[in-house]
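Bear in mind the structure is a predicted one, so any value in this text is a computation, not a measurement. Proteins get letters first, then strands, A, B, ... in listed order; numbering begins at 1 in each.
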Number of protein chains: 2
Amino acid sequence: MKEGPDIARIAALIGDPARANMLTALMSGKALTVSELAEEGGVTIQTASSHLSKLDEGGLLRPRKQGRHKYFSLAGDEVAQVLEGLMGLAAGAGHLRRRTGPKDIELRRARVCYNHLAGDMGTQLFDSLIARGFLTAEAEELLLTDAGADFVARFEIDLDDLRLKRTPLCRECLDWSERRSHLAGSLGRAFLARFEELSWATRDPKTRVVVFSRTGVKEFEQLFGGV
Amino acid sequence: MKEGPDIARIAALIGDPARANMLTALMSGKALTVSELAEEGGVTIQTASSHLSKLDEGGLLRPRKQGRHKYFSLAGDEVAQVLEGLMGLAAGAGHLRRRTGPKDIELRRARVCYNHLAGDMGTQLFDSLIARGFLTAEAEELLLTDAGADFVARFEIDLDDLRLKRTPLCRECLDWSERRSHLAGSLGRAFLARFEELSWATRDPKTRVVVFSRTGVKEFEQLFGGV
DNA sequence: TTCATGGTTCGAGCGTAATCGAACCATCTG
DNA sequence: CAGATGGTTCGATTACGCTCGAACCATGAA
């Protein structure tokens, strides 16, 4: 009866509404201060502080002090992945918080998942890269092929820079709305950043929604559409 | 602040120690009765019954009545995957319930993950299938190649039978101990079943441990070893 | 230095939910 | 039918942990 890691501990951490809201807010990938997170959690700053230290102790967050501010972000991809998984279960159980409003549609189309693109367009990107042989699952991990590296370079993403980092270059992340994989890891992050750089897309500062401009959609479709 | 599915609801479900223990027990893939799960959860039958109806209502379980028994199993792969993810986080946070006893070592070597093989040998199997081109991530999903189908047939797994089911044939599942993918889905299940059929391995009825016989290990290594 | 702002710590209040005893219902056995 | 076993429902108890007010500490600005 007592085998394996202690699942309840951290599930309980996520299981509190205030903390869950904070974590969901952090899925935007941005680092947020204690007071911002208090706002997101719908709770006073004192309680937020308490919640955040618990989450931190549980290894779910990465805190950073900057001046008199304290910024929190998710501890890593694994955390984001579990959160997405939970969203999938929650959505599947039919217990959506709000019954598919317009916001929900936008979220399903394109949203930020920690630091990369998720939703319909996220999976579209992923599928396209796989179908054209730019990505393969040759070994246990997802790998960028030579052709893929070439493509990425032409898209003006600095690959060498990414490879220097300790985080894995490619990673799969399961999408709660699409129930399919999309690209995470530092390359996934880089793609989203490049989209923003090109002004194809901007992030809604208040939500996780990623808004693609008209030309952005056109360019995107041309490059990654019609798999 | 209120976007996306209600994560807290189901995280809270998993967050109770008794329920978490029950779910962990169900990761063995077997369907268990209320009284067995009460035992696993370390709680009386009445409370277990209450817990189980909550989990059921949350969509995490699949109940089946058989005579005067009521059997519960996990609702599906997605649930198992989230549980594995949570185990990963818990293990990463260093909060193992018991500090790596001998049981823990066995679990890391080979264990049942819902219905398929996980642990070191699970990832070894997966890697081998990928490396030899039997599995590819050609589309959004993991696919069995023609050569793979051939191999599977020679291993005397009835592929047509599997394809009839509604569940996906291949699926990736992230391993908490190895932090790498292994094969889930109906094919993953079939492999484990075949290993048992060949008497290469047996499941420890009390835990999730999969015990490979001496010859079982030898045959396994010969077929899937040394990637 | 004083004042303002951002966070933390302490303590008390309060609710929710886990728990179990007891009674009840359902199914199988003899 | 009676008796045994497996589960559920109900109610009362209890405890854990969320919550916020208030006081405190740290940093930056005037």
Once you round it to whole Å, what is the distance between [atom2] of [N] and [atom1] of [X]?
X       : N      : atom1 : atom2 : answer
B:Glu36 : D:dT5  : CD    : P     : 16 Å
B:Leu37 : D:dT8  : CG    : P     : 11 Å
B:Met22 : D:dG7  : CE    : P     : 12 Å
B:Ile14 : C:dA18 : CD1   : C1'   : 18 Å
A:Lys65 : D:dC25 : NZ    : C1'   : 11 Å
B:Ile45 : D:dA4  : CD1   : C1'   : 14 Å
B:Leu52 : C:dA18 : CG    : P     : 12 Å
A:His69 : D:dT27 : NE2   : C1'   : 10 Å

With [X] via side chain to side chain donor-acceptor pair (under 3.5 Å) - residues at least two apart:
X        : value
A:Thr202 : none
B:Ser53  : none
B:Ser213 : B:Thr215
A:Ser186 : none

Next on the checklist: Can you list everything that forms a salt bridge (charged side-chain N to carboxylate O under 4.0 Å, His left out) with A:Arg194? Sequence neighbours excluded, please.
Outcome noted: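 A:Arg194 satisfies salt bridge (charged side-chain N to carboxylate O under 4.0 Å, His left out) with A:Glu156, A:Glu197 once adjacent residues are dropped.
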Item to check | Residues forming a salt bridge (charged side-chain N to carboxylate O under 4.0 Å, His left out) with A:Arg189, sequence neighbours excluded | outcome: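 Applying salt bridge (charged side-chain N to carboxylate O under 4.0 Å, His left out) to A:Arg189 gives none.
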Item to check | Short side-chain N/O contact to D:dG6 OP1/OP2 from B:Ser35, under 4.0 Å | outcome: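 Answer no for this pair, as no side-chain N or O of B:Ser35 is under 4.0 Å from OP1 or OP2.
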Checklist entry - Is the shortest side-chain N/O distance from A:Ser49 to OP1 or OP2 of C:dG7 below 4.0 Å? => result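 No, outside the criterion.
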Item to check | By ring-ring contact (aromatic ring centres under 6.0 Å, His included) - contacts of A:Phe212 (at least two apart) | outcome: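 Counting only residues at least two positions away or on another chain, A:Phe212 forms a ring-ring contact (aromatic ring centres under 6.0 Å, His included) with A:Phe220.
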Item to check | Listed partners of A:His51 passing ring-ring contact (aromatic ring centres under 6.0 Å, His included), at least two apart | outcome: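 With sequence neighbours excluded, A:His51 shows a ring-ring contact (aromatic ring centres under 6.0 Å, His included) to no residue whatsoever.
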Checklist entry - Using a cut-off of 4.0 Å between protein heavy atoms and nucleotide atoms, how would you tag nucleotides 22-30 of chain C 5' to 3' with B, S and -? => result B----BB--
Next on the checklist: Tell me every residue that passes side-chain contact (heavy atoms from CB on, under 4.5 Å) with A:Ala80, counting only those two or more places apart in sequence or in another chain.
Outcome noted: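 Residues passing side-chain contact (heavy atoms from CB on, under 4.5 Å) with A:Ala80: A:Met27, A:Leu74, A:Tyr114.
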Checklist entry - Quantified as the angle between the terminal helix axes (five pairs each), what is the overall bend of the helix from C:dT1-D:dA30 to C:dG30-D:dC1 to 10 degrees? => result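 Answer rounded to 10°: the end axes differ by 20°.
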Item to check | Electrostatic pair A:Glu84:A:Arg111 at N-O distance under 4.0 angstrom | outcome: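 Salt bridge: yes.
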Please produce a list of atom pairs where a protein N or O lies less than 3.5 Å from an N or O of nucleotides 11-18 of chain D.
from	atom 1	to	atom 2	distance (Å)
D:dC18	OP1	A:Arg19	NH2	3.1
D:dC18	OP2	A:Lys54	NZ	2.6

Checklist entry - When A:Trp200 is tested against each of A:Phe155, A:Phe224, A:Phe191 for ring-ring contact (aromatic ring centres under 6.0 Å, His included), which residue passes? => result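 Between A:Trp200 and the candidates, ring-ring contact (aromatic ring centres under 6.0 Å, His included) is satisfied uniquely by A:Phe155.
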Checklist entry - So what does B:Ser53 hit on the nucleic acid, given a heavy-atom distance under 4.0 Å: a base, only sugar-phosphate, or nothing? => result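 Here B:Ser53 touches no strand at all.
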